[in-house]
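Reckoned from all heavy atoms, side chains included, excluding hydrogens, waters and symmetry mates. Computed from a predicted model, the values in this text were never measured in an experiment. All chains are named by letter (A, B, ...) in the order of the sequence lines, taking the proteins before the strands, and each is independently numbered beginning at 1.
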Protein chains: 2
Amino acid sequence: MYSIGDVADMMGINTSAIRFYDKQGLLPFVERDSAGRRVFKKNDLNFIEVIDCLKKSGVPVKDIGHFVQLCMQGDGTLMERYEYLDKEEEVLEEKIEEMQKQLDFLRYKKWYYKTSVEAGTESIHFAPGTNAVDPQTKEKFQTELEHCTNLRDLIDLARPDE
Amino acid sequence: MYSIGDVADMMGINTSAIRFYDKQGLLPFVERDSAGRRVFKKNDLNFIEVIDCLKKSGVPVKDIGHFVQLCMQGDGTLMERYEYLDKEEEVLEEKIEEMQKQLDFLRYKKWYYKTSVEAGTESIHFAPGTNAVDPQTKEKFQTELEHCTNLRDLIDLARPDE
DNA sequence: ATTTGACTTAAACCTGTGTTTAAGTCATAA
DNA sequence: TTATGACTTAAACACAGGTTTAAGTCAAAT
């Protein structure tokens, strides 16, 4: 048995966030004591763990509410719940893939600035006689990337010894 | 030379989103024609690519504005720009790691529901004589995970042949 | 007995990230 | 030459996801 404060501490969130989730229908299983205070049971933490996972995965609160509603309806909705999680698995996989693409681009730009810092000017990457980046710059990076064994050597700026 | 509509089409966003970014200081380099319309140069697309990457990485608009400001100040800020990207690289790496953790949990829950669907009831995972999930359920999954060669066999529900 | 601290609610407030609306400008095709 | 479509602005609106505030309840320690 835990109070809202206990749960807030355990989850690392604000008590008012928990009350907000409750109001949005995410915690229909939470009971109350004689004074009207929320009482969280041990098994409620399993629910909260799922809710927390979905929130951290970027699922909107209303959407999570739909899943919780399925959970409250017993074994008849087991398949729907499986399908819900199956869908979210796919969404999350795509999200991670997308993030990885952005990370690759960020690393190209780190290389761009590492080499610029080393040269003292960004203009080493400009097309001759212009102030614009040479369209071949990224391909040059790709080539260097393929021929390098250590990504860090390629994109990290050497730090003075500490 | 591109109009705001061209850029919107290329980036797959709304023209009003571009105007919004401009107002927030993300596009100080964009010029105007005699009629006051935005004119995007080829090199502006390089900036927009970076902005788009940072946005997709979850960086707040104001924060991106800071980077753009550095870009407008010439070679004197090269090191700061490198450090900015270095920081964002780390943030993004952590974000991906976090997402991967949520994905692992989601897969545990998929297994939980796959096995429940197969059994016809969720109660196979309850502690004997209770309505609460057995605390050892997750460990049981972990063990099965270690001994399995194909994740999909473990967590994906067999679909009828199509 | 009263004070303290954790809880309760409803309602107001705030931030980020745009979108929509209304009124107007301009180049070009019919 | 006029109608169309793409652009311009400022300001209002929307919406998610909370946080803050104000007023009150209650149990337990002083």
Minimum-distance nucleotide (side-chain atoms of K62(A) versus dT19(C), dT8(C), dA16(D)) | dA16(D)
Residue pair A35(A)/T15(B) against DNA chain C: nearer the 5' end by closest nucleotide is A35(A)
dA27(C), dT8(C), dG18(C): which one has an atom nearest the side-chain heavy atoms of S34(B)?
-> dA27(C)
Calculate the interatomic distance between M11(A) atom CE and dG18(D) atom P; express it in whole Å.
-> 12 Å
Quick one: label R38(A) by what it contacts on the DNA or RNA (base, sugar-phosphate, nothing), any heavy atom closer than 4.0 Å.
-> sugar-phosphate
Do we get K109(B) above Y112(B)'s six-membered ring, with its NZ or CZ under 6.0 Å from the centre and within 45° of the axis?
-> yes
Using only side-chain N and O atoms of R32(B), determine if any of them is under 4.0 Å from OP1 or OP2 of dC26(C).
-> no
What residue among K138(B), E144(B), Q142(B) forms side chain to side chain contact (heavy atoms under 4.5 Å, CB included) with K140(B)?
-> E144(B)
I4(A) CD1 to dC26(D) P, straight-line distance once rounded to whole Å = 17 Å
Could you tell me whether Q100(A) atom CD has more than 12 heavy atoms of other residues or ligands within 6.0 Å of it?
-> yes
Winner on side-chain proximity to A17(A), out of dC7(D), dG17(D), dG18(D), is dG18(D)
Comparing nearest nucleotides in DNA chain D, the 5'-proximal residue of the pair S16(A), R37(A) is S16(A)
With DNA chain C as reference, determine whether K23(A) or V39(A) sits nearer its 5' end, using the nearest nucleotide of each.
-> V39(A)
Closest to side chain of F20(A), choosing from dC7(D), dT19(D), dT8(C) | dT19(D)
Is the distance from OP1 or OP2 of dG18(C) to the nearest side-chain N or O of K55(B) less than 4.0 Å?
-> yes
Among dT8(C), dG18(D), dG18(C), the one nearest V61(B) by side-chain distance = dG18(C)
When you measure from the side chain of N14(A), which nucleotide among dC7(D), dG18(C), dT20(D) comes out closest?
-> dT20(D)
State whether E122(A) and R81(B) are salt-bridged, where the test is any N-O pair (Lys NZ or Arg NE/NH1/NH2 against Asp/Glu carboxylate O) under 4.0 Å.
-> yes
